[in-house]
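Here the structure is laid out as structure tokens; the discussion comes afterwards.
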Amino acid sequence: MFGVLLPQSNMLSLSIHEGASSIQNFTIAAGIVLLIIGIFRVSFRGQPLPLPPGPKGYPIIKNAFDVPPKHAWLKYHEWSKHLGDVLHLSAVGQSIIVLNSARAISELLEGRSAIYSDRPWTAMTYEVGYQDSPVLTPSGPRHRTFRRLSSEVLGPRQVQEWRPLQEQKVQILVRGLLDSPQSFWTHIRRYTASLLLELSHGQVIQGDDDPFLKVAQEINNDFSELAVPGRYLVDIFPGLRFLPSWVGLASKKRAISARKIVKQGLRWTYRQVENQVANGTARPSFAASLIERNTNPSQEEIYIHQWVSLVTYTAGGDTSLSALTSFFLAMALNPDKQRKAQAEIDRVVGFGNRPTFGHRSNLQYVESLIKEVYRLNPAFPMALPHALNSKTDDEYRGWKIPKGSTVIANTWAVLHDANLYPSPFEFLPERYLEVQSSHEHSLKEPAAHTEAAEMNPDPRKFAFGYGRRSCPGQYLIDDTIFIAVATVLALFDIGPLTSGSVPGYTPYVISQPEAFACTIAPRTKAD
Ligand code: HEM
């Protein structure tokens with residue numbers, strides 16, 4: 001075939017100078033060339049592209065029972081060592097693509113974010129109504145509205161307005177640690193809950209029995225349980241949801257009660273703020289500003305406002321708990337790193353003083369220590385599942401990615417890749433000191449721009465997710481974690497562990513340390 005083409009094209013390049021008939025020849029020959037290329041392409045396309053490699057599975061159900069229910073990121077990482085960084089699994093007709101490298105994640109979830117930003121459909125989330133939440137809603141107009149509204153409050157510049165509130169709220173953590181250090185878990189929760197609910201709805205939480213906190217927590221607990229794909233049989237066999245309720249399917253009953261709680265909770269929390277705005281007692285908050293800005297909202301707008309306000313708490317509570325408990329654990333296990341950070345704080349802030357955001361740019365070791373907390377045990381080891389849109393198949397490195405595939409980014413694998421982070425299982429804040437870039441800059445730069453050659457890239461590029469689905473709360477929560485970490489290190493000595501062996505990590509979507517205990521005592525002298 002190529003033998004025919006070459007003489008034709010040589011003849012053409014000469015004959016261009018020879019008048020109209022040559023132009024005719026040129027046109028005919030070009031047509032033939034295009035025809036042959038076309039035939040070649042069609043016949044090539046006729047050969048179906050292979051799927052990425054994956055574990056073999058069983059007939060019909062394929063990998064349905066291979067998908068590990070716990071610590072899935074570890075299993076995927078292990079498979080990727082033999083099968084390659086991009087894996088394909090198939091569970092009852094649904095393709096699951098697992099991306100185990102920075103390159104694959106960057107090229108697909110960020111480089112092709114326009115088509116890889118859907119969320120997988122699961123029967124249980126649909127039944128409860130969670131697919132309307134900003135976290136799980138499909139990409140489309142509603143998702144874009146969520147993102148726009150979020151960025152108006154949570155963008156990198158906007159969050160700076162909340163810093164005085166964060167400096168104030170961290171006192172809840174300090175007071176708690178002074179009163180009952182063994183309950184540090186509870187104090188962390190109180191600190192983040194109190195901050196997030198004041199920010200989202202202007203609510204000043206009055207203790208653990210606060211009705212507002214209880215509603216938000218109930219929705220959060222249900223969400224954590226029910227939005228885990230595959231936890232209920234109905235997610236694997238969606239047809240089960242059409243069975244009538246008298247059959248007594250556990251998932252049906254659970255979905256009905258959770259749906260009621262979400263609906264009531266969304267309305268009730270938002271109505272509190274509407275009333276406060278109406279009678280002039282509303283404190284500044286996300287919900288209040290949405291209500292004040294739009295005095296004649298449609299039902300759809302109200303629904304979006306309700307979700308976008310509430311999600312600030314539901315998406316932020318457990319994730320920040322994970323990051324801060326990981327910090328306490330890392331300090332209990334790495335006293336030398338703790339001493340180094342405290343020495344830096346003493347030098348910059350002065351022993352016994354409380355750090356503020358104004359000190360942050362001079363606390364480079366503390367900054368690196370926080371990065372290492374994000375890296376070693378990411379709160380979302382696999383981000384949240386994305387989905388390729390359902391319109392067309394995609395092609396990547398010669399593989400077919402079927403339309404509608406669930407796409408999982410194995411963030412944990414990237415953050416433990418020895419080619420990116422040498423000695424990946426060691427807690428080494430020092431690794432970032434050579435590549436220190438400005439805080440704002442590094443957070444904004446997407447993972448897509450992480451050159452493969454760059455060592456020890458800022459883990460926040462991975463820990464907060466990817467592309468159009470990346471975490472909108474990342475700037476806010478990064479501030480929340482900085483002020484807590486810097487304040488606790490300035491005022492307390494953490495560790496050693498008093499609960500025996502080093503705890504493992506919980507195995508689900510949001511992973512946090514298993515229960516542990518350690519000493520926490522006020523510092524008495526400078527390091
Ligand atoms: C340490 C704390 C946090 C971590 C590690 C974290 C991480 C993440 C990750 C990995 C995702 C999934 C991204 C993806 O699918 O690629 C996500 C989504 C999301 N996060 Fe966060 N997050 C944290 C705190 C927060 C806070 C405080 C808020 C709210 C103020 C928040 C709001 C959201 C929302 C709304 C989404 C869904 C975004 C979408 O689907 O478009 N997160 N987060």
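Note that ligands are numbered from 1 as they come in the structure, with each ligand's atoms numbered from 1 the same way.
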Looking only at protein heavy atoms, identify the closest one to atom 30 (C) of ligand 1 and say how far it is in Å.
-> Thr312 CG2, 3.5 Å

Those atoms of ligand 1 less than 4.0 Å from some heavy atom in His143 | 39 (C), 40 (O), 41 (O)

Describe, in one word, how the ring planes of His305 and Tyr270 are oriented to each other, choosing from parallel (under 30°), tilted (30 to 60°) and perpendicular (over 60°).
-> tilted

With the threshold set at 4.0 Å, does a side-chain nitrogen-carboxylate oxygen contact exist between Arg254 and Glu127?
-> no

Picking from Gln203, Lys169, Gln168, what satisfies side chain to side chain donor-acceptor pair (under 3.5 Å) with Glu198?
-> Lys169

Check whether any side-chain heavy atom of Leu177 lies under 4.5 Å from a side-chain heavy atom of Phe328, and answer yes or no.
-> yes

Give the minimum heavy-atom separation between Ala486 and Ile345, together with the two atoms involved.
-> O-CD1, 3.6 Å

Which ligand 1 atoms, with their elements, are less than 4.0 angstrom from a heavy-atom of His386?
-> 14 (C), 15 (O), 16 (O)

Where is the nearest protein heavy atom to atom 28 (C) of ligand 1: which residue, which atom, and how far?
-> Gly473 CA, 3.7 Å

Closest contact, heavy atoms only, Ala104 versus Asp85 | CB-OD2, 4.0 Å

Filtering Ile510, Leu154, Thr319, Asp478 for the heavy atom nearest atom 2 (C) of ligand 1 leaves Thr319

Return yes or no for this condition: an N or O of Tyr374 is under 3.5 Å from an N or O of ligand 1.
-> no

The atoms of ligand 1 lying under 4.0 Å from a heavy atom of Pro134, numbered in the order shown, are 39 (C), 40 (O)

Taking only Lys NZ, Arg NE, NH1 and NH2, and the carboxylate oxygens of Asp or Glu, determine whether Glu107 and Arg112 approach each other closer than 4.0 Å.
-> no

Starting from atom 37 (C) of ligand 1, find the nearest protein heavy-atom neighbour and note its residue, name and distance.
-> Val135 CA, 3.7 Å

Given Gly316, Pro472, Ala383, which has its nearest heavy atom closest to atom 26 (C) of ligand 1?
-> Gly316

Counting only heavy atoms, which portion of Phe464 has something under 4.0 Å from ligand 1: side chain, backbone, both, or neither?
-> both

Mind checking whether Ile477 contacts ligand 1 via backbone (N, CA, C, O), side chain (CB onward), both or neither, at a 4.0 Å heavy-atom cut-off?
-> side chain

Atom indices of ligand 1 within 4.0 angstrom of Ala463 heavy atoms, with elements | 5 (C), 7 (C), 10 (C)

Apply side-chain hydrogen bond (donor to acceptor under 3.5 Å, both in side chains) to Thr269 and Tyr313, showing your working.
-> CA-CA 12 Å; Thr269 48; Tyr313 175 77; over 6 Å; no

Protein contact of atom 32 (C) of ligand 1 - nearest heavy atom, named by residue and atom, plus distance = Ala315 CB, 3.4 Å

Is there a nitrogen or oxygen of Arg119 sitting under 3.5 Å from a nitrogen or oxygen of ligand 1?
-> yes

With Phe482 as partner, the option from Phe327, Tyr475, Phe357 fulfilling ring-ring contact (aromatic ring centres under 6.0 Å, His included) is Phe357

Nearest-neighbour protein heavy atom for atom 20 (N) of ligand 1, which is reported as residue plus atom name and distance | Cys471 SG, 3.2 Å

Specify whether Tyr303 and Trp307 have parallel, tilted or perpendicular ring planes, treating 30° as the upper limit for parallel and 60° as the lower limit for perpendicular.
-> perpendicular

Lys/Arg N to Asp/Glu carboxylate O, Glu110 vs Arg468, below 4.0 Å = no

When distances are taken from atom 7 (C) of ligand 1, the protein heavy atom at minimum range is Phe380 CD1, 3.4 Å

For atom 40 (O) of ligand 1, state which one of Arg469, Arg147, Arg460 supplies the nearest heavy atom.
-> Arg469

